[in-house]
Amino acid sequence: MQIKEVAKRLNTTPRTIRFYEEKGLISPVKATENDYRSFTEHDVMRLSTILALREIGVPVKDIRKILENPDMSMLQYLNVQRSALFEKWIEMKDMIETIDNMLETDDGNIYALSQHLKAMKSIRKGWNDKWNFDHQAADYDQNIKMHGYRFNVHQDYERALAKAAKTVQLKHGGSCLDIGIGTGNLGSRFLQHGVHVIGVDQSEEMLKKCSEKYPEIETRKGHFLALPLLDNQVDGVVTSYALHHIPDEEKLLALAEMDRVMKDNGQLCIIDLMFLNKQHREQVINAFHLTENSEAIGAIEDEFYADRSKLLDWFQMNNYCVETYQFNNILSMVYAVKDKENKIDSE
Ligand SMILES: C[S@@+](CC[C@H](N)C(=O)[O-])C[C@H]1O[C@@H](n2cnc3c(N)ncnc32)[C@H](O)[C@@H]1O
């Protein structure tokens, strides 16, 4: 097939095709007598992939990596690209919102608004995985069954996940997002009810494990502060043992992200390590000090156990109806339904 024919078939120009040839992404055979290029079906397929990836914003240098790396599937690349685009999109939304606020501000102090935007950008980009969850993925399901020497962070794990799955009532055909899904232990419980489950995690190895165990779960790379979903997309959002990996100031931004992707009347359920409030945290830590339980204190201080009262304040401000349940001194469930008359029930 000659270049003009290929260009017509792929709705592009010969010039564009020559560009990718110059970049070394395709190498059609050239006739010795007249230098005319001849494209095989394989060349055309490769070119169509290149054009498709360019159309969704993948830079040429990354396309080269994709085409040359046999270990990573196209699906994985698309997943990574989608998550990068969502991050950009959310950043753009923050910027547009700031411009709106700048236009509305009475005192003309647009500098303060720009600094707020700067802080948001740095928070959204600042998180990094200091626990190396990719490394933990292979043994995660075994490790959660182990008891620590003097502190069992997974005490009541099964009971809590079962309670979340029972509490969040989703219809057949509904959708549920599990954030920080890990190996799929919570999200998978909704599959039996015919719910479409989307699992988001920042760890690709965790997502791989989850897909091996539950191929029906749709996995997406992403993180709490830039969820790779459009607005008002899911009926339910659940998350277990994940939120305590982000600092307190980020948790409220994470709640706003969950709220963004959830439909009206959607249900949100958080199972996590948290204290009821500041006093409760002090009381529990003091008790560990008294018994010289440095294992417990070290574990708590290594992570960001929430202050449940602050989460509840956020839900109240955002018109959620909330129920809470405490499993033990460090583990709670917060179940919240969007846009219902606001009330806080406890235990
Ligand atoms: C302790 S595991 C919990 C896994 C699972 N939800 C469960 O209950 O067994 C924490 C998971 O949260 C994920 N995670 C931690 N911080 C995250 C973040 N900021 N965004 C997305 N996922 C995160 C980790 O990669 C890991 O898979």
CG on L229 to OG on S83, rounded to 0.5 Å:
11.5 Å
Hey, could you give me the OG/CH2 distance between S309 and W314, rounded to the nearest 0.5 Å?
15.5 Å
Give the ring-plane orientation class for Y157 versus Y241, where under 30° counts as parallel, over 60° as perpendicular and anything between as tilted.
tilted
Atom CD1 of I110: over 12 foreign heavy atoms under 6.0 Å:
no
Enclosure of E249 CD (heavy-atom neighbours >12, cutoff 6.0 Å)
yes
Path from F86 to L255 over hydrophobic side-chain contacts below 4.5 Å
no
Please check if any side-chain donor atom of Y140 sits under 3.5 Å from a side-chain acceptor atom of N185, or the reverse.
no
Taking all non-hydrogen atoms of both residues into account, name the closest pair between Q233 and L230 and its distance.
OE1-N, 2.7 Å
Does the side chain of D62 reach to within under 4.5 Å of the side chain of L53, using non-hydrogen atoms?
no
With clusters defined by side-chain heavy atoms of hydrophobic residues (ILVMFWY) lying less than 4.5 Å apart, directly or transitively, does L170 cluster with L177?
yes
Given 3.5 Å as the limit, does a donor-acceptor pair link the side chain of S175 with the main chain of D235, or not?
yes
Is there side-chain contact between E212 and K209, with at least one heavy-atom pair below 4.5 Å?
yes
Are the side chains of E204 and K221 in touch, meaning some heavy atoms are under 4.5 Å apart?
yes
Over 12 non-hydrogen atoms of neighbours within 6.0 angstrom of CD in E216:
yes
Are E257 and R260 ion-paired here, with the side-chain N under 4.0 Å from a carboxylate O?
yes
Decide yes or no for M258 and L243: does some side-chain heavy atom of the first lie under 4.5 Å from some side-chain heavy atom of the second?
yes
Measure from the side-chain N and O atoms of K338 to the backbone N and O of M262, and report whether any donor-acceptor pair falls under 3.5 Å.
yes
Taking F190's backbone N and O only, do any of them form a donor-acceptor pair with H193's side chain (distance below 3.5 Å, no angle check)?
no
Does any N or O in the side chain of D134 come within less than 3.5 Å of the main-chain N or O of E205, such that one atom is a donor and the other an acceptor?
yes
In this structure, are over 12 heavy atoms from other groups packed under 6.0 Å from N11 atom CG?
no
Quick check with a 6.0 Å cut-off and a 45 degree axis cone: is K93 positioned over the face of W89's six-membered ring?
yes
Could you pull out the closest heavy-atom pair between G199 and L207, with the gap in Å?
O-CD2, 3.8 Å
Assess whether atom CE of M1 is packed by more than 12 heavy atoms of other residues, nucleotides or ligands within 6.0 Å.
yes
With a 4.0 Å cut-off, would you call D43 and R46 a salt bridge?
no
Given the ring of F327, does K163 sit roughly above its face, with NZ or CZ under 6.0 Å from the centre of the six-membered ring and within 45° of the axis?
no
Do we see a donor-acceptor contact under 3.5 Å between the side chains of T98 and N101?
no
Which heavy atom of V197 sits nearest to which heavy atom of G187, and what is that distance?
CG2-O, 3.5 Å
For C210 and I181, work out which heavy atoms get closest and say how close.
SG-CD1, 3.9 Å
Any heavy-atom pair between the side chains of S188 and I217 that's under 4.5 Å?
yes
Verify the distance criterion only: is there a donor paired with an acceptor across the side chains of H280 and D307 at less than 3.5 Å?
no
Has K310 got more than 12 heavy atoms of other residues, nucleotides or ligands less than 6.0 Å from its NZ?
no
Among side-chain atoms of Q202 and D129, is any donor-acceptor pair under 3.5 angstrom?
yes
Rounding to 0.5 Å, atoms CD1 (I90) and CG (L227) come to a distance of 6.5 Å
Give the cluster check for I179 versus W131: same hydrophobic cluster or not, with ILVMFWY residues linked at side-chain heavy-atom distances below 4.5 Å.
yes
Holding to side-chain contact (heavy atoms from CB on, under 4.5 Å), I want the full list of residues that pass it with N293, two or more places apart in sequence or in another chain.
R150, F288, T291, E295, A296
Checking the side chain of N69 only, and the main-chain atoms of K65 only, is there a donor and an acceptor separated by less than 3.5 Å?
no
So that I can tick it off, tell me whether E87 and K125 are bridged by a salt bridge, with the cut-off set at under 4.0 angstrom between side-chain N and carboxylate O.
no
Taking it one step at a time, do L186 and T239 satisfy side chain to side chain contact (heavy atoms under 4.5 Å, CB included)?
CA-CA 8 Å; L186 176 56; T239 178; over 6 Å; no
Checking R220 side chain against P228 main chain: does a donor-acceptor pair fall under 3.5 Å?
yes
Answer yes when K121 and D94 have at least one side-chain N-carboxylate O distance shorter than 4.0 Å, and no when they do not.
no
Side chain proximity check, T324 to F315, heavy atoms < 4.5 angstrom:
no
Rounding to 0.5 Å, atoms CD1 (I297) and CG (D302) come to a distance of 13.5 Å
With hydrophobic residues grouped by side-chain heavy-atom distances under 4.5 Å, do L252 and F304 end up in a single group?
yes
Could you go through L253 and M120, starting from their C-alpha distance and side-chain angles, then the distance that decides it, and tell me whether this counts as side chain to side chain contact (heavy atoms under 4.5 Å, CB included)?
CA-CA 9 Å; L253 214 51; M120 294 266 281; 3.9 Å; yes
Verdict with reasoning, L331 to I271, per side chain to side chain contact (heavy atoms under 4.5 Å, CB included):
CA-CA 7 Å; L331 182 66; I271 295 284; 4.0 Å; yes
Return yes if some donor-acceptor pair links the side-chain N/O of Q142 with the main-chain N/O of D139 below 3.5 Å, else return no.
no
Which heavy-atom pair separates P28 from S38 by the least distance, and what is that distance?
CB-O, 3.5 Å
Does the distance from a Lys or Arg side-chain N to an Asp or Glu carboxylate O, for E91 and K88, drop under 4.0 Å?
no
Polar side-chain atom of Q267 near backbone of Q169 as donor-acceptor pair, under 3.5 Å
yes
List the steps and the verdict of side chain to side chain contact (heavy atoms under 4.5 Å, CB included) for S332 and L276.
CA-CA 8 Å; S332 279; L276 306 189; 4.2 Å; yes
D248 and A306 have their tightest heavy-atom pair at OD1-CA, 4.1 Å
Donor-acceptor pair, distance only, cut-off 3.5 Å: does the side chain of S203 make one with the backbone of M206?
yes
Residue pairs passing the salt bridge (Lys or Arg N to Asp or Glu O under 4.0 Å) test where at least one lies in residues 12-33, sequence neighbours excluded
E21-K30, E21-R37
Would you compute the distance between atom OG of S114 and atom NE2 of H116 and round it to the nearest 0.5 angstrom?
11.0 Å
Taking side chain as C-beta onward, heavy atoms only, is H289 less than 4.5 Å from I285?
yes
Are I50 and I56 joined in one hydrophobic group, where the rule is that I, L, V, M, F, W and Y side chains link up if heavy atoms are under 4.5 Å apart?
yes
When you look at CD of E292, are more than 12 heavy atoms from neighbouring residues, nucleotides or ligands closer to it than 6.0 Å?
no
In the structure I gave you, are the side-chain heavy atoms of Q316 and V322 within less than 4.5 Å of one another anywhere?
no
Can you tell me if NZ on K130 sees more than 12 non-hydrogen neighbours from other groups inside 6.0 Å?
yes
Keeping D272 on the side-chain end and M274 on the backbone end, is there a donor-acceptor pair under 3.5 Å?
no
